[in-house]
Protein chains: 2
Amino acid sequence: MPPHRRAALSPRLASADPGHGVTLADVALAAKVSLATASRVFSHPQLVREATAQRVHDAARRLSFRPNLLGAKLRAQQTRIIGVMLPTLDNAVFAECWRGIEEASLAAGYSLMLVTSNYDPARERERVEYLLRHRVDGLLLTVANAADSIVLDQLDRESVPYVLAYNQITAEGAGNHRYSVSVDNRVSACEGVNALIAAGHRRIAVVSGAFMASDRARQRFAGYEDAMRAHGLPVLDAVNLPSHTASNTAQIRALVAQDDAPTAFFCTNDLLAIGVISDLKRLGLRVPQDVSVLGYDGIALGALVEPPLATVAQPNADIGTQAIAQLLARLAGAPSPQGHATLLPHALRIDGTVRPPP
Amino acid sequence: MPPHRRAALSPRLASADPGHGVTLADVALAAKVSLATASRVFSHPQLVREATAQRVHDAARRLSFRPNLLGAKLRAQQTRIIGVMLPTLDNAVFAECWRGIEEASLAAGYSLMLVTSNYDPARERERVEYLLRHRVDGLLLTVANAADSIVLDQLDRESVPYVLAYNQITAEGAGNHRYSVSVDNRVSACEGVNALIAAGHRRIAVVSGAFMASDRARQRFAGYEDAMRAHGLPVLDAVNLPSHTASNTAQIRALVAQDDAPTAFFCTNDLLAIGVISDLKRLGLRVPQDVSVLGYDGIALGALVEPPLATVAQPNADIGTQAIAQLLARLAGAPSPQGHATLLPHALRIDGTVRPPP
DNA sequence: GTGAAAGCGCTAACAA
DNA sequence: TTGTTAGCGCTTTCAC
C-alpha cells in the first residue's frame, strides 16, 4: 500500500515544497520500477540496466527527490557520521584543526557532528553520550586528560572506535592501546626551550593554562624541564593562568619585578603568548628587546602580528586530516588491537619575539 | 517476533559491549512491559505508573540501554537537528558565534551539524544540500551575499525554515520575507567612522576583504561613505584584499606613500585590522601615534593585543544565541510570513589603536 | 535485471 | 494505565 498513498500527495508537494516528502517510493512509481530497483540505482548502480537507471534518475529529478539519509542509516546500522569533540573553538588551534577534519570527512562521505567540552570532564561525558545516542560511527576527540579520562574508559568499554587529536598517548601507563595524532609535545617543547637557551637565555619562565585542564600543557612543561635540566639551569614553577585568554598582568608583573627576573617566557600556547606579550608591554617592557617570548601552537595569527610570534608550530589542519584518516581506517577495516600514537612533525619558528637577552 | 531474537543476544552484549545493540524491545522484555510502555517511560513519563516506570528504568540501566535517536527521528519525521553553515571558523567571529549556537541549541534539546562554506557560493549549495539530506529541521547560516543567493532562493522555494546570522536583511529589495540576526552594519560602521572623524581624521582609508565574498563588507563600506559624505570628506576607494588574513604590505605601502596619505584606516574586520597594524609597523609607522586603525567585529583577541584594538564590536555569541532562538520559534510555532531583521546592539570601542592624527 | 517482502528502532494511534 | 499494531524511508536478501 505505501507507494500509492504518497503518490496521491505528490502533485501538491511537487509544486509547493519540492523535494520535501518525496520518497524513493514516489520515484519508483513515477519511473515504473519497483522500490528495490529505484534503491539500487542510487546504492548499487552496476546492478541495474542503464536504461532503467536513466528512467529513475529522470523521475528523481522531476520530483526533486532528495534521499532521506535517516532511513538508510537506520537500515544500514551505520550513520556515516563522525562525532567530533573539541575543547573550544575560541582557540584558533582547534578552529584550524576543524578545517582538516571537515575536508577529510566530507571527502570520504562522512558527516560531522561537533560539540565542545570547554576543557570540562563532566561536560565531556555529557556531550559524548549525546553523540553516542546519535549513533555516530566513531569519534574524534581532544580530552582534558587522556591518561585519566572517564569518558575514554567508557568508550573503551563500549568498544566505540575513536581517535584522539592533540592528546598524545605515551607508551607507559594505561591507555597505550589507544590511537592518537599529535606532535611530540615534550620533545618539541624541549627543542623550543633549547632554542631559547641557545639564544643565551638562562632564566626562563613558563606560563601555562591550568595544568588540570590540559595534559598537553603538562607534557610541554616536562619538555621545558628536560631542556633546563640538560643545561643545568633552574626550573622555575609554572605560572598557571586560569583562562587561556585572560590577561593576567598582575602575575606577570610579580615575575618581572624579581631581582632575578626571567629574560624569556615560554608559553604553552600561542594565545597565552599573545596575552603575555601585551602584559609585558603594559609593564613597559619591549618584546623582544627586553624580554623574549616563545609560544606554542603555530596558529596563523602568530604570523600576522608584528613582530611575528616565535612558536613551536603544530600542523593543525593536518592533525585533523590524519586523525580522520586513522578513524576511517579503523572504521573500515582491521581494528589493530594495540593502538598507536602518530606523531606529526613540529616546526620551530624562532621569529620576531625571540632574541638574545639584553 | 522481534523482541525475542534480540533478547537472546543480550547476555553477550551486556558484558562485551554495553549499550550497543540493546534496543528498547530488550528493555521492555527485561522489565516485563510492552514496547509501547517502555517507549512511553522515556517520551511521556506522565502516562505511565510510577512503579512501572521504575522497573523500566532499572532494566534500562541494567542493560546499559542507550536510545537510538535514529529510530525516533525517522518515525517522528523530525530530527531535532539544526544545520549550521558558517563561512569559516578561522575567523574568530564565527568561532565565538558557535559558542552561542551550541549553548542555545543543546539547551533546547537540539543537535547541530556544522559545515563551512569558505565564502564560496558553489560550496554553499553543496553543503546545504548535504544538510538537507540529513533532514535537519532548520538551518542557521551566514552566506556570502544574502541579497543574491542561489542557496537562499532554493531554501525559500522548499520552505525550509532558516535564519541568517550576520547577513543583514534590508527592507528594500527581494528577500525581506527572510529572518536575520545581525547588527546594523551600515549604521554601526558609520558611527565607527564618525568616531574617527571626531578624533580629527580627515583622510580615512578602508581596507576590506573581497566585497564579492561578503555583503557585510559592502554594507560597512556604505556606512563609511555615509559618514564621510555627511562631513564633506573624500570617499576613498576601498582596498580589497583577497584574503582576510593575508598580509598585504605592498598595498598598504602604496597607500601610505601618497602625498596625502590617510591618517586612519577603517578595516571591515578585526583580523584584517591586526594584519594592517603589522603592515604599518613593518613600514615604520607607529599605531596609534602615526596612524590610527579601527577594526570591526569585536573579537576577544582585539582586547588581548597591546595597544588594544579599537573596533566596532558585535555581540558574536549573542548573534548565535538569538539566531537559534528565532529558528526554534519558527520551528515551534507560527511561521509569521513577513520575515524580520533582528538588529542587535553594537558597541564602539575606541581604544588603543585610535588617536587624533599627528 | 528486477520485484516482493522483511525489518532497522522507535513512536503514536487505537483498543482494551 | 497498558498492550497491539502500523508504519517512518530505506536497503537487502531471496525469488523469479
Side-chain angles (χ1 to χ4, degrees), chain A residues 1-7 9-10 13 19-29 31-56 60 63 65-80 132-135 137, chain B residues 1-7 9-10 13 19-29 31-56 60 63 65-80 132-135 137:
Chain A
M1 169 289 232
H4 325 87
R5 186 194 44 70
R6 281 239 154 258
L9 284 162
S10 286
L13 293 166
H20 222 80
V22 176
T23 74
L24 195 52
D26 298 323
V27 174
L29 198 73
K32 300 191 201 308
V33 297
S34 75
L35 176 56
T37 300
S39 170
R40 279 188 280 253
V41 169
F42 296 105
S43 341
H44 304 287
Q46 72 283 11
L47 293 184
V48 53
R49 204 191 329 141
E50 179 60 38
T52 319
Q54 200 47 57
R55 285 216 319 281
V56 172
L63 299 180
F65 169 65
R66 173 149 47 222
N68 183 337
L69 263 27
L70 250 40
K73 288 172 188 317
L74 179 56
R75 169 66 216 231
Q77 292 293 87
Q78 62 141 302
T79 55
R80 291 188 81 83
L132 258 17
R133 289 187 178 203
H134 282 285
R135 291 298 190 269
D137 288 344
Chain B
M1 172 287 237
H4 324 88
R5 184 194 46 70
R6 284 235 152 261
L9 285 162
S10 286
L13 293 166
H20 223 82
V22 178
T23 75
L24 196 53
D26 298 322
V27 174
L29 198 75
K32 299 192 200 312
V33 297
S34 75
L35 176 55
T37 299
S39 169
R40 278 189 282 254
V41 169
F42 296 105
S43 346
H44 305 286
Q46 73 284 6
L47 293 183
V48 55
R49 208 193 325 141
E50 178 62 38
T52 320
Q54 199 50 57
R55 285 219 314 284
V56 173
L63 301 179
F65 168 67
R66 174 149 45 221
N68 183 337
L69 262 28
L70 249 39
K73 287 173 190 318
L74 179 56
R75 168 66 217 227
Q77 291 296 84
Q78 62 142 304
T79 54
R80 291 187 81 83
L132 257 18
R133 290 186 178 204
H134 282 286
R135 290 299 191 271
D137 288 344

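FYI, side chains are in, hydrogens and waters are out, and symmetry mates aren't considered; it's all heavy atoms of this structure.
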Starting at [atom1] of [X] and ending at [atom2] of [N], how long is that distance when rounded to a whole Å?
| X | N | atom1 | atom2 | result |
| --- | --- | --- | --- | --- |
| H134(A) | dG9(C) | NE2 | P | 17 Å |
| L74(B) | dG7(C) | CG | C1' | 12 Å |
| L69(A) | dC10(D) | CG | P | 9 Å |
| R66(A) | dC8(D) | CZ | P | 20 Å |
| R135(B) | dG9(D) | CZ | C1' | 9 Å |
| L70(A) | dC10(D) | CG | C1' | 10 Å |
| N68(A) | dG7(D) | CG | P | 18 Å |
| R133(B) | dC10(D) | CZ | C1' | 14 Å |

**OP:** Check whether any side-chain nitrogen or oxygen of Q77(A) sits under 4.0 Å from OP1 or OP2 of dG9(C), and answer yes or no.
**Re:**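 Checking Q77(A) against dG9(C): at least one side-chain N or O falls below 4.0 Å of OP1 or OP2.
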
**OP:** Look at the side-chain N and O atoms of T23(A) and state whether any lies under 4.0 Å from the OP1 or OP2 oxygen of dG9(D).
**Re:**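 So the side-chain polar atoms of T23(A) never come under 4.0 Å of the phosphate oxygens OP1 or OP2 of dG9(D).
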
Original post:
From R75(B) CZ over to L74(A) CG, what is the distance, rounded to the nearest 0.5 angstrom?
Top reply: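 Answer for the CZ-CG pair, R75(B) versus L74(A), is 13.0 Å.
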
Return the set of residues passing side-chain contact (heavy atoms from CB on, under 4.5 Å) with [X] (not counting sequence neighbours), or none when no residue passes.
| X | result |
| --- | --- |
| A72(A) | none |
| A38(B) | L24(B), A28(B), V33(B), V56(B) |
| T79(B) | L70(A), K73(B), I81(B), R135(B), D137(B) |

Original post:
Got a sec? Which of residues 45-55 of chain B come in under 4.0 Å of DNA chain C, heavy atoms?
Top reply: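 Per residue number, the list is empty: none.
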
**OP:** Could you tell me whether the side chain of R133(B) and the main chain of L69(A) form a donor-acceptor pair under 3.5 Å?
**Re:**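 Checked: no pair found.
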
**OP:** Could you pull out all residues at least two apart from T37(B) that satisfy side chain to side chain donor-acceptor pair (under 3.5 Å)?
**Re:**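 Side chain to side chain donor-acceptor pair (under 3.5 Å) check on T37(B) returns S34(B).
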
Original post:
Taking only residues two or more places apart in sequence, or in another chain, which ones meet Q78(A) in a side chain to side chain donor-acceptor pair (under 3.5 Å)?
Top reply: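 Checked Q78(A) against side chain to side chain donor-acceptor pair (under 3.5 Å); zero matches.
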
Original post:
If you fit an axis to the five pairs at each end of the helix from dG1(C)-dC16(D) to dA16(C)-dT1(D), how big is the angle between those two axes, to 10 degrees?
Top reply: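 End-to-end axis angle: 40°.
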
Original post:
Considering residues at least two apart in sequence or located in another chain, which fulfil the salt bridge (Lys or Arg N to Asp or Glu O under 4.0 Å) criterion with R49(A)?
Top reply: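 R49(A): no salt bridge (Lys or Arg N to Asp or Glu O under 4.0 Å) contacts found.
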
Original post:
Under the salt bridge (Lys or Arg N to Asp or Glu O under 4.0 Å) test, which residues partner R80(B), sequence neighbours left out?
Top reply: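 R80(B): no salt bridge (Lys or Arg N to Asp or Glu O under 4.0 Å) contacts found.
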
Subject >> Nearest non-hydrogen partners of V22(B) and L63(B), listed with the distance >> reply: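 Heavy atoms only, the tightest pair is CG2-O, 3.5 Å.
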
**OP:** Can you see which heavy atom on P45(B) is nearest to which on V41(B), and at what distance?
**Re:**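 Smallest heavy-atom distance, with atoms named: CG-O, 3.6 Å.
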
Subject >> Footprint string (nucleotides 11-16 of chain D, 5' to 3'): B base within contact, S backbone only, - free, heavy atoms under 4.0 Å >> reply: BBB---

